[in-house]
Amino acid sequence: LSLMRIRSLGDQVESVESGGEGLQTEIIGALCDLASAGKVNATRALLEKAIEKGVDWTGGDYDLRTALHLAASEGHLPVVQLLVMALEERAQNESEKENSMNPKDRWGGTPLDDAIRESRTQVAEFLRDRGGKQGNTASAAMMEIVQVDSTKTQESMSGLVDSADE
């Protein structure tokens, strides 16, 4: 996402009285791109303009993955912290806070699931501390199986390499 495109989106947000659906989709897409790339300052700038103008920025992309999902998956803790603070400020009550902190993508996964799957320990700890929950437990269980199988495969391969060196 180019700096010119971010500025253009910022100008569009600035010029609207209430966010249209097309603009909302573009803002969500841009926030997802910025969060995924770990661009905290650009994310903050676009987020502030969207909030100021009342554009709902909390939606997801084509897979229902939000900016929070993508930042968590990539391990961008400063972006995760920024988004969580904005979600907490936006929430009207505890129930709304819990729901906004734990959006589910099309597979039922939450940002915490993504952080765990990608071994983003600091992000996972932060999300847990702020009320993050795991969503798709079947997916989480499958990831544990894959990790155990991967460890066994690495141990087996290590043994083969060691015996080949002798």
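Everything numeric here is computed off the predicted structure, so don't read it as measured data. Nothing fancy with the numbering, it's 1 onward along the sequence.
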- From CA spacing to verdict: side chain to side chain contact (heavy atoms under 4.5 Å, CB included), Arg128, Ile116: CA-CA 11 Å; Arg128 276 192 193 103; Ile116 291 168; 3.3 Å; yes
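In this structure, Val79 and Leu34 have side chains that are not in contact, with every pair of non-hydrogen atoms separated by 4.5 Å or more. With a 4.5 Å cut-off on side-chain heavy atoms, Asp114 and Arg65 count as touching. The shortest side-chain heavy-atom distance between Thr43 and Leu31 falls under the 4.5 Å cut-off.
When the shell of 6.0 Å around CD of Gln122 is examined, it contains 12 or fewer heavy atoms from other residues, nucleotides or ligands.
The minimum heavy-atom distance between Ala72 and Pro111, with the atom names listed, is CB-O, 3.5 Å. Residues Ala67 and Cys32 come closest through the heavy atom pair N-SG, 3.6 Å. The shortest heavy-atom contact between Ser100 and Pro103 is O-CD, 3.3 Å.
In terms of hydrophobic clustering, with Ile, Leu, Val, Met, Phe, Trp and Tyr side chains grouped at heavy-atom distances under 4.5 Å, Leu64 and Ile27 are assigned to different clusters. Linking ILVMFWY residues whenever their side-chain heavy atoms come closer than 4.5 Å, directly or via other members, places Met101 and Leu83 in the same cluster. Follow the hydrophobic side-chain contacts under 4.5 Å out from Ile28 and you never reach Leu68; the two are in separate clusters. Residues Phe126 and Leu87 fall within the same hydrophobic cluster, defined by Ile, Leu, Val, Met, Phe, Trp and Tyr side chains chained together at heavy-atom separations under 4.5 Å. Linking Ile, Leu, Val, Met, Phe, Trp and Tyr residues whenever their side-chain heavy atoms come within less than 4.5 Å leaves Leu70 and Val123 in two separate clusters.
With rounding to the nearest 0.5 Å, the separation of CE in Met85 from CD in Glu89 is 6.5 Å. Atom NE2 of residue His69 and atom CG of residue Asp113 lie 7.5 Å apart, to the nearest 0.5 angstrom. Distance OG1/Thr25 to CG/Asp56: 10.5 Å, rounded to 0.5 Å. If you take CG on Leu82 and CG on Leu77, they are separated by 11.0 Å, rounding to the nearest 0.5 Å. Between atom CZ of residue Arg130 and atom CD of residue Gln81 there is a gap of 8.0 Å, rounded to the nearest 0.5 Å.
In this structure, Arg120 contributes its side chain and Ser73 its backbone to a donor-acceptor pair below 3.5 Å. With Asp63 contributing its side chain and Trp107 its backbone, the two residues share no donor-acceptor pair below 3.5 Å. Between the side chain of His76 and the backbone N or O of Val40, no donor-acceptor pair lies under 3.5 Å. In this structure, Thr110 contributes its side chain and Lys133 its backbone to a donor-acceptor pair below 3.5 Å.
Ser36 and Asp33 form no side-chain donor-acceptor contact under 3.5 Å, judged by distance and modelled atom types alone.
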